[in-house]
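Worksheet for the structure shown next.
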Amino acid sequence: MEITVHEFPDMKSLSVQSARHIAGLIKESIESKGRCIISLSGGSSPRLVYEKLSNPEIYAGIDWSRVFIFWGDERYTGHTSEESNYYMAYRALLSKVSIPQENIFRVPVEVEPAKYAAVLYERIMEKFFMSMGAVDAKKRMPVFDIVLLGIGADGHTASLFPGHEVVNEKKRWVVSLEAPEGNRERITMTIPVLNSACSVIFIVSGSGKGKIIRSVLEERGADKKDYPASKIIPETGTVWFVDKRAVK
Ligand code: 6PG
């Protein structure tokens with residue numbers, strides 16, 4: 001599996017170039033398949049990328065009515081909470097482009113308890129991906145055109161935390177879990193879903209992540225297997241956008 005790494009001096013240059021890259025992939029997908037299905041990530045690293053992507057100069061040529069948005073993970077909190085990954089993406093990007101409301105598939109955090117919200121999101125995805133003819137029949141997994149991911153300072157990616165049992169999930173598309181710290185409930189797509197995507201892009205900035213990134217990228221860290229990102233090995237490879245602070 002090929003890994004391509006683009007390193008930038010700072011978050012600003014990283015966000016401009018990754019936004020251009022993502023815009024290019026969206027256009028390619030629309031040209032070849034008539035649509036682009038994206039899974040977004042949360043956290044602070046992608047926010048600036050989404051803001052750049054909302055700039056008409058960068059998204060020029062994208063027909064947003066052909067773009068469909070999902071979330072790779074979500075915190076189990078209200079849609080207008082500061083913690084909500086949906087709300088971050090809404091403010092930074094979705095509220096600024098002419099994407100139809102029905103193309104936005106947020107995690108149904110209003111459903112209780114969290115495990116039912118996860119089951120419902122899986123059902124919503126099944127229906128959508130079947131209708132789009134975007135299910136890999138052999139793997140029985142949805143095929144996203146683009147998956148965006150990050151890595152937290154504790155080594156989590158999406159809401160897959162090192163050592164957590166959901167990292168080994170093979171069949172389910174979406175599960176709920178408690179984050180190891182803070183007892184915070186979350187909902188996440190599983191590794192087989194992320195591995196079935198056409199393009200997987202990691203966006204990583206911020207300090208304290210160097211050891212994790214090196215371990216995942218160089219494939220020789222003794223604790224490599226402990227990081228869920230090491231298990232994200234789609235056939236199409238992964239592309240990484242990192243800034244200097246992250247790889248230090
Ligand atoms: C989340 C995210 C998560 C994110 C990392 C990185 O909800 O926690 O989706 O997987 O990618 O936490 O976040 P930072 O860029 O803020 O470090």
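Counting starts at 1 for both ligands and their atoms, following the listed order.
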Quick one: nearest non-hydrogen protein atom to [atom], plus distance?
atom                    : result
atom 12 (O) of ligand 1 : His156 NE2, 2.8 Å
atom 2 (C) of ligand 1  : Asp73 OD2, 3.4 Å
atom 15 (O) of ligand 1 : Ser45 OG, 2.5 Å
atom 4 (C) of ligand 1  : Gly42 O, 3.5 Å
atom 10 (O) of ligand 1 : Ala158 O, 2.6 Å
atom 11 (O) of ligand 1 : Gly150 CA, 3.3 Å
atom 17 (O) of ligand 1 : Lys209 NZ, 2.7 Å
atom 16 (O) of ligand 1 : Ser44 N, 2.6 Å

Heavy-atom pairs closer than 4.0 Å: do any link ligand 1 to the side chain of [X], the backbone, both, or neither?
X      : result
Ala153 : neither
Glu74  : neither
Asn85  : side chain

Reference residue [X]; test side chain to side chain contact (heavy atoms under 4.5 Å, CB included); the match among [options]:
X      : options                        : result
Met189 : Val147, Leu160, Leu149, Leu194 : Leu194
Asn85  : Ile187, Val107, Asp73, Val109  : Asp73
Phe8   : Lys12, His6, Met11             : His6

Exercise. Mind checking whether Gly206 has a heavy atom under 4.0 Å from ligand 1?
Worked result: no
Drop me the distance from [X]'s [atom1] to [Y]'s [atom2], to the nearest 0.5 angstrom.
X      : Y      : atom1 : atom2 : result
Ile26  : His21  : CD1   : NE2   : 10.5 Å
Ile69  : Ile104 : CD1   : CD1   : 7.0 Å
Met88  : Leu40  : CE    : CG    : 8.0 Å
Lys231 : Asn195 : NZ    : CG    : 10.5 Å

For this session: Indicate the atoms forming the closest heavy-atom contact of Lys209 with Ala153, along with that distance.
Result: CE-N, 3.8 Å
Seminar exercise, completed: All heavy atoms of Ser159 vs all of Thr188, minimum pair found to be N-OG1, 3.0 Å
Exercise. Looking at ligand 1, does any of its N/O atoms fall within less than 3.5 Å of an N/O of Gly43?
Worked result: no
For this session: Ignoring angles and geometry beyond distance, decide whether Ser159 reaches within less than 3.5 Å of ligand 1 through its nitrogen or oxygen atoms.
Result: no
Problem set entry | Distance-only polar pair, side chains of Ser84 and Thr77, donor-acceptor under 3.5 Å | no
As an exercise, identify every atom of ligand 1 less than 4.0 angstrom from a heavy atom of [X].
X      : answer
Gly152 : 5 (C), 6 (C), 12 (O)
Arg186 : 1 (C), 7 (O), 8 (O)
Arg75  : 1 (C), 7 (O), 8 (O)

Exercise. After noting the C-alpha distance and the side-chain angles of Phe144 and Phe129, does the key distance pass the ring pair (Phe, Tyr, Trp, His ring centres under 6.0 Å) rule?
Worked result: CA-CA 9 Å; Phe144 278 95; Phe129 280 85; 4.9 Å; yes
